[in-house]
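These notes are about the structure you will find just below.
The structure displayed is predicted, hence computed values, not measured ones. Throughout, numbering of the chain's residues begins at 1 and tracks the sequence.
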Amino acid sequence: MDQSILSVKEILSQLEPIIARTARGSTREDGFFLSCVRAAFAKSFELNTFIHNHQPGIHDFAITASLRGVCEDIIALRFIATFSAAHREEAVAVLMLKSVMELMQEQTKFFEKYRPSQPILEANNVANEILNLRLRLRQMRKSYRWKKHREWPSVQEMADFTGLRPLYDFLYAATSCFVHFSPSNLIRMGKVEDDQLRFSTSNFAEYYHAFNCQYGLFLFITFCTKFSAMLKIREEIRPHIEQLIRLTDEELRWPELITIEELNLPSVSKMLRVMAHSARNAVDAPAVWEWEDADVKPLEPPPAEPDLPGED
């Protein structure tokens with residue numbers, strides 16, 4: 001088949017056996033960090049496969065929110081990749097254990113109130129264990145100097161550190177309205193019918209589908225360019241990913257957060273969009289993606305705030 005005319009769906013299908021092979025490993029041989037990279041790789045690929053194998057529908061509304069999780073995977077793993085090998089393993093192991101303890105605490109409180117008869121794994125006397133895990137993370141701050149005085153940096157701070165802040169801010173803005181109360185997003189669901197608004201997530205299905213296709217693919221390409229060398233598959237997948245990059249770049253219009261049409265403003269003609277796109281192709285546009293090596297060089301951290309009096 002001519003590689004120049006493959007669709008996104010066809011390219012993802014060609015990648016499937018590579019992803020299936022790469023998504024296998026063991027924590028004994030790979031360690032916790034590389035196992036997380038394998039899992040995040042599979043997650044991003046499977047999400048894109050689902051998006052591109054389905055027609056627009058009410059499921060797209062829910063999928064958009066999941067893009068934020070994929071974005072945060074990239075940012076956090078890229079940040080941890082700048083640690084020493086030993087600290088990578090320790091950070092991931094401590095974060096996992098801390099998460100389990102905290103989830104046990106939350107489910108204990110929930111079931112005590114709403115379903116006390118159900119036997120569950122309860123959090124008994126785990127507060128000290130959680131505190132000790134937080135202190136272990138804080139010790140790493142001395143080596144890697146994140147700015148805020150907490151046991152682990154925020155995703156925003158990790159995005160600053162890794163140079164991914166614009167991507168994070170865009171997807172955070174796009175997806176926050178799905179996980180937080182947003183009057184504008186709720187009203188946006190309305191479609192005028194017989195002088196009334198009929199509310200349904202399906203009213204914006206075409207928009208959310210286009211958004212998921214474009215930015216789900218953007219995230220998958222970003223993941224591949226940053227982690228494929230670490231997974232030892234860069235040269236194998238690079239031709240396929242370069243195809244996806246070209247298809248992404250050739251899209252005449254990337255979905256916006258707020259569109260001209262929904263504000264009832266004069267629309268930009270397709271001819272003008274084609275001319276603008278052609279003008280862009282006439283100059284050397286900066287590369288969006290750069291292929292990174294397996295050995296991640298430590299990045300220069302942002303200036304750290306001075307330690308508080310008495311802080312270790």
Is there a path of hydrophobic side-chain contacts, each under 4.5 Å between heavy atoms of I/L/V/M/F/W/Y residues, joining [Y] to [X]?
X: Met96; Y: Phe33; result: yes
X: Phe199; Y: Phe181; result: yes
X: Phe170; Y: Leu164; result: yes
X: Leu103; Y: Val94; result: no
X: Leu133; Y: Leu131; result: no

Quiz prompt | Passing candidate, side chain to side chain contact (heavy atoms under 4.5 Å, CB included) with Phe220, options Ile241, Val70, Thr248 | solution = Ile241
Exercise. Only one of Leu95, Val37, Thr27 passes side chain to side chain contact (heavy atoms under 4.5 Å, CB included) with Phe32; say which it is.
Key: Thr27
Heavy-atom count check: over 12 atoms from other residues, nucleotides or ligands less than 6.0 Å from [X] [atom1]?
X: Ile58; atom1: CD1; result: no
X: Gln55; atom1: CD; result: no
X: Arg246; atom1: CZ; result: yes
X: Gln118; atom1: CD; result: yes

Quick check: [Y] with [X] (ring centres under 6.0 Å apart)?
X: Phe61; Y: Phe204; value: no
X: Trp289; Y: Phe218; value: yes
X: Phe41; Y: Phe227; value: no
X: Phe223; Y: Phe45; value: no

Exercise. Determine, step by step, whether Glu235 and Trp291 satisfy the side-chain hydrogen bond (donor to acceptor under 3.5 Å, both in side chains) criterion, reporting the C-alpha distance in whole Å, the side-chain angles of both residues, the deciding distance to 0.1 Å, and the verdict.
Key: CA-CA 10 Å; Glu235 298 313 311; Trp291 292 86; over 6 Å; no
Quiz item: Passes side-chain contact (heavy atoms from CB on, under 4.5 Å), Ser154 versus Arg150? Steps please.
Solution: CA-CA 9 Å; Ser154 66; Arg150 58 167 71 92; 3.9 Å; yes
Between [Y] and [X], is the closest basic N to carboxylate O distance under 4.0 Å?
X: Arg21; Y: Glu236; answer: yes
X: Glu112; Y: Arg115; answer: no
X: Glu157; Y: Arg165; answer: no
X: Lys98; Y: Glu151; answer: yes

Contact between [X] and [Y] at the side-chain level, heavy atoms closer than 4.5 Å - yes or no?
X: Cys213; Y: Val8; result: no
X: Phe111; Y: Pro116; result: no
X: Ile221; Y: Val288; result: no
X: Met230; Y: Asp293; result: no
X: Phe161; Y: Tyr144; result: no
X: Asp73; Y: Lys43; result: yes
X: Pro56; Y: Tyr208; result: no

Give a yes or no on whether the backbone of [Y] and the side-chain of [X] come within a donor-acceptor separation of less than 3.5 Å.
X: Ser44; Y: Ala40; answer: no
X: Glu10; Y: Ser7; answer: yes
X: Thr82; Y: Arg78; answer: no
X: Gln107; Y: Ile120; answer: no
X: Thr225; Y: Thr222; answer: yes
X: Thr108; Y: Ala123; answer: yes
X: Arg141; Y: Trp152; answer: no
X: Asn48; Y: Leu217; answer: yes
X: Asp249; Y: Ile245; answer: no
X: Tyr207; Y: Glu256; answer: yes

Quiz prompt | Short side-chain donor-acceptor distance under 3.5 Å, Arg198 and Asn203 | solution = yes
Self-check item: Distance-only donor-acceptor check, side chains Ser35 and Asp30, under 3.5 Å
Solution: no
Point-to-point distance, once rounded to the nearest 0.5 Å, from [atom1] of [X] to [atom2] of [Y]:
X: Asp60; Y: Glu206; atom1: CG; atom2: CD; result: 8.5 Å
X: Gln139; Y: Glu90; atom1: CD; atom2: CD; result: 9.5 Å
X: Arg24; Y: Thr22; atom1: CZ; atom2: OG1; result: 11.0 Å
X: Leu47; Y: His52; atom1: CG; atom2: NE2; result: 9.0 Å
X: Leu6; Y: Ile11; atom1: CG; atom2: CD1; result: 5.5 Å
X: Asn128; Y: Met101; atom1: CG; atom2: CE; result: 11.0 Å

Determine the minimum heavy-atom distance between [X] and [Y], stating which atoms define it.
X: Ala229; Y: Ala294; result: CB-N, 3.4 Å
X: Ile74; Y: Leu219; result: CD1-O, 3.4 Å
X: Val155; Y: Ile75; result: O-CG2, 3.9 Å
X: Leu67; Y: Gly216; result: CD2-CA, 3.8 Å
X: Val92; Y: Cys36; result: CG1-SG, 3.7 Å
X: Ile63; Y: Ser66; result: O-OG, 2.5 Å

Exercise. Check the pair Asn53, Lys9 against side-chain contact (heavy atoms from CB on, under 4.5 Å), reporting the backbone distance first and the verdict last.
Key: CA-CA 7 Å; Asn53 277 286; Lys9 183 177 176 181; 2.8 Å; yes
Quiz item: Mind checking whether Phe83 and His87 have parallel, tilted or perpendicular rings, split at 30° and 60°?
Solution: perpendicular
Quiz item: Would Met158 and Trp146 satisfy side-chain contact (heavy atoms from CB on, under 4.5 Å), going step by step from the backbone distance to the final call?
Solution: CA-CA 8 Å; Met158 288 189 283; Trp146 43 87; over 6 Å; no
Practice problem: List the steps, then state whether side-chain contact (heavy atoms from CB on, under 4.5 Å) holds for Gln105 with Ile130. | Solution: CA-CA 10 Å; Gln105 278 189 323; Ile130 292 174; 3.4 Å; yes
Quiz item: Under the 4.5 Å side-chain heavy-atom rule for ILVMFWY, direct or indirect, which residues accompany Met104?
Solution: Val100, Leu121
